[in-house]
Protein chains: 2
Amino acid sequence: MPSIQLENAANEASVSSTQFRAQLPMFPHAFTSRAHDPMPNVHVAKSSIPLDLNRLDAILSTTRKVRRGEVLYRANDQFNSIYTVRVGCFKTVVTHRDGGEQVTGFQLAGETLGLDGVFAERHNCDAIALEDSEASVIRFALLVSLCREVSSMQHHLLRLMSGEIVRESGLLLMLGTMSAEQRVAAFLLDISDRMKAQGYSPKEFNLRMTRQEMGSYLGIELETVSRMFSKLQKRGLVHVQGKEIRIVDRLGLSRM
Amino acid sequence: MPSIQLENAANEASVSSTQFRAQLPMFPHAFTSRAHDPMPNVHVAKSSIPLDLNRLDAILSTTRKVRRGEVLYRANDQFNSIYTVRVGCFKTVVTHRDGGEQVTGFQLAGETLGLDGVFAERHNCDAIALEDSEASVIRFALLVSLCREVSSMQHHLLRLMSGEIVRESGLLLMLGTMSAEQRVAAFLLDISDRMKAQGYSPKEFNLRMTRQEMGSYLGIELETVSRMFSKLQKRGLVHVQGKEIRIVDRLGLSRM
DNA sequence: CGCCTCGTTGAGCTAGTTCAACACTTGTGG
DNA sequence: CCACAAGTGTTGAACTAGCTCAACGAGGCG
């Protein structure tokens with residue numbers, strides 16, 4: 001049963017844009033609430049046009065289960081749908097013709113994937129599950145036609161796409177200007193914020209990606225990621241044990 | 001007098017996505033044709049719904065002149081409009097709270113700016129003219145309501161935003177994986193393609209930005225840009241004289 | 001003319017890479 | 001159940017691409 005919370009994104013927006021400090025503006029943008037929402041119900045932000053629930057159901061009817069390491073979609077696949085992560089976590093990877101790979105994002109539960117495909121009607125990256133996951137499938141054509149009738153939906157979609165643009169410019173800023181240490185610190189703060197937004201502890205969490213995947217995302221080598229974790233730990237800012245992270249000094253991290 | 005060519009973007013799309021090689025996928029996305037279009041007239045792609053020309057005129061009524069070095073908009077400015085470059089050329093710059101700056105794009109005539117502002121209803125970067133320029137102002141609220149009535153317009157807007165996402169992932173790939181030499185080569189090829197798309201020679205052109213601006217965009221220092229130009233010239237791939245560029249061996253460049 | 005911004009080149013330095021060794025975990029098949 | 005292979009993470013040591021600092025030359029403009 002799909003639950004729609006259109007005002008979700010608006011809340012996240014205000015949080016995120018004021019929080020643009022050391023960490024990156026990688027905003028979670030949910031089209032729907034996450035899987036185990038305690039109170040699944042329907043809200044419509046600002047506009048009080050009643051939503052046609054049958055249509056929404058049609059849009060969200062399918063969910064896809066993707067095992068760890070398998071793809072949700074692949075670059076060059078025909079673009080039909082976007083996806084909302086319900087359970088688990090994904091990475092998106094763009095690949096250069098001569099083998100170069102770059103992780104362009106990690107999507108946690110509640111976040112949206114696949115908008116890159118609108119442009120060429122083909123996906124532009126691979127989306128791969130980092131653990132056994134589930135994603136809601138949203139037929140883009142249906143969504144678009146719904147947007148023409150429900151203006152809040154239209155705004156939401158536009159905001160979602162623009163948010164992705166903003167997120168990526170934050171990444172560009174990071175890759176262009178930050179030291180390895182700053183990148184790792186900013187990464188941890190970003191994940192922490194997003195865990196919090198999902199209702200998990202922002203102080204302690206498990207990273208689902210490998211050092212290599214983090215390194216690719218951050219534009220550095222896996223060894224450097226490892227060394228920076230050790231360094232931050234030595235300074236008493238975090239406690240790292242493999243994939244388990246505990247943030248000890250949040251302020252210190254954000255001041256890097 | 002505004003001239004609308006909705007099928008423009010579609011043509012550019014097919015060219016760009018097949019051309020994804022060494023160069024970056026930084027596609028030009030025009031909302032309108034460029035300033036001195038030889039045959040200003042109206043086409044509507046796919047859909048044959050007659051456009052309401054008065055509305056389009058309303059949307060495109062204003063143009064803004066911006067002198068070299070002045071801003072079209074600034075980060076945190078209230079977002080009202082997006083812009084199409086009619087004459088000249090801009091850069092977009094995101095700024096970190098502690099001074100770090102990153103050029104996230106250069107917009108040539110015919111290309112679109114400002115979609116980053118949709119997300120937070122505030123602009124996310126500064127847009128600065130690299131020479132005396134003119135931009136058409138497109139009131140976003142008007143555009144959005146027009147999109148609800150004209151489906152080709154809606155698709156065009158969505159493609160435009162998605163194209164920006166794709167362009168930025170190309171940049172991420174570059175910043176994350178390429179050597180300084182490859183970045184400069186890819187940059188020249190990209191500009192070359194875009195000059196060609198504007199109807200200018202793809203072999204000889206003038207760069208409007210400084211070495212520093214290129215460096216920021218490419219995630220390297222200005223001195224490195226200069227050295228790489230010298231290196232590429234020594235190898236007989238390009239001829240560089242200050243801002244004047246001549247591409248000598250296109251294939252060689254693309255194989256870097 | 002003199003001032004300023006811009007571009008080029010050199011020389012030394014350093015942050016991060018590369019390569020290599022080793023420990024720990026996870027999954028697989030006998 | 002163990003054995004063993006494959007993937008992952010940490011740390012060290014040497015290396016190098018690109019940075020930093022510095023000098024100088026060439027335009028543009030009041």
Chemist: Using modelled atom types only, decide if a donor and an acceptor are shared between the side chain of B:S169 and the backbone of B:I165 within a distance under 3.5 Å.
Modeler: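 Yes; judged by distance alone, with no hydrogens or angles, the pair exists.
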Chemist: What is the distance, rounded to the nearest whole Å, between atom CD of B:E223 and atom C1' of D:dA17?
Modeler: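 Result: 14 Å.
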Chemist: Could you tell me which non-hydrogen atom of A:L113 sits nearest to which non-hydrogen atom of A:A127, and how far apart they are?
Modeler: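 A:L113 and A:A127 have their closest heavy atoms at CD2-CB, 3.5 Å.
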Chemist: Roughly, in whole Å, what's the span from CG in A:L222 to C1' in D:dT8?
Modeler: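 Nearest whole value for this atom pair: 9 Å.
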Chemist: Check the distance between D:dT16's C1' and A:I220's CD1 and give it to me in whole angstrom.
Modeler: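 Interatomic distance, CD1 of A:I220 to C1' of D:dT16: 18 Å.
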Chemist: Which whole-number value in Å describes the distance from B:E181 CD to D:dA17 C1'?
Modeler: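 Spelled out: CD on B:E181 to C1' on D:dA17 is 11 Å.
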Chemist: Examine the base of D:dG7 for any acceptor or donor lying under 3.5 Å from a partner atom in the side chain of A:R211, and report the outcome as yes or no.
Modeler: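 Check fails, no donor-acceptor contact within cut-off.
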Chemist: When you measure only distances, ignoring hydrogens and angles, does the side chain of A:R227 come within 3.5 Å of the base of D:dG12 through a donor and an acceptor?
Modeler: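 Looking at the base of D:dG12, it does pair with a donor or acceptor on the side chain of A:R227 (distance under 3.5 Å).
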Chemist: Would you say B:T63 and B:S136 are linked by a side-chain donor-acceptor pair, where the criterion is simply a distance under 3.5 Å?
Modeler: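 No.
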Chemist: Look at the side-chain N and O atoms of A:T224 and state whether any lies under 4.0 Å from the OP1 or OP2 oxygen of C:dA15.
Modeler: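 No.
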Chemist: Would you say a side-chain N or O of A:K243 is under 4.0 Å from OP1 or OP2 of D:dT8?
Modeler: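 No.
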Chemist: Evaluate the ring planes of B:Y83 and B:Y73, with Trp represented by its six-membered ring, and classify them as parallel (under 30°), tilted (30 to 60°) or perpendicular (over 60°).
Modeler: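 The arrangement is parallel - the two ring planes meet at less than 30°.
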Chemist: Once you round it to whole Å, what is the distance between P of C:dT26 and CZ of A:R208?
Modeler: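 So the CZ-P distance, A:R208 to C:dT26, works out to 13 Å.
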Chemist: By nearest nucleotide on DNA chain D, pick out whichever of A:Q212 and B:A180 is the more 5' one.
Modeler: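 Upstream on the strand: A:Q212.
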Chemist: Starting at atom CD of A:E221, determine the distance to atom C1' of D:dT8, rounded to an integer number of angstrom.
Modeler: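 Result: 15 Å.
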Chemist: In whole angstrom, what separates A:L175's CG from C:dG16's P?
Modeler: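 So the two atoms are 13 Å apart, to the nearest Å.
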Chemist: Heavy atoms from C-beta onward define the side chain here; which of D:dT10, D:dT11, C:dC6 lies closest to that of B:T210?
Modeler: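 Closest of the options to the side chain of B:T210: C:dC6.
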Chemist: Figure out the CG/P separation between B:L232 and C:dT8, and round it to whole Å.
Modeler: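 Distance, rounded to whole Å: 12 Å.
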Chemist: Looking at C:dT8, D:dT11, D:dT20, which one has an atom nearest to any side-chain atom of A:S226?
Modeler: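 Side chain of A:S226 sits closest to D:dT11.
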Chemist: Minimum heavy-atom separation for A:T112 and A:Q107, please, with both atom names.
Modeler: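 Heavy atoms only, the tightest pair is O-CG, 4.0 Å.
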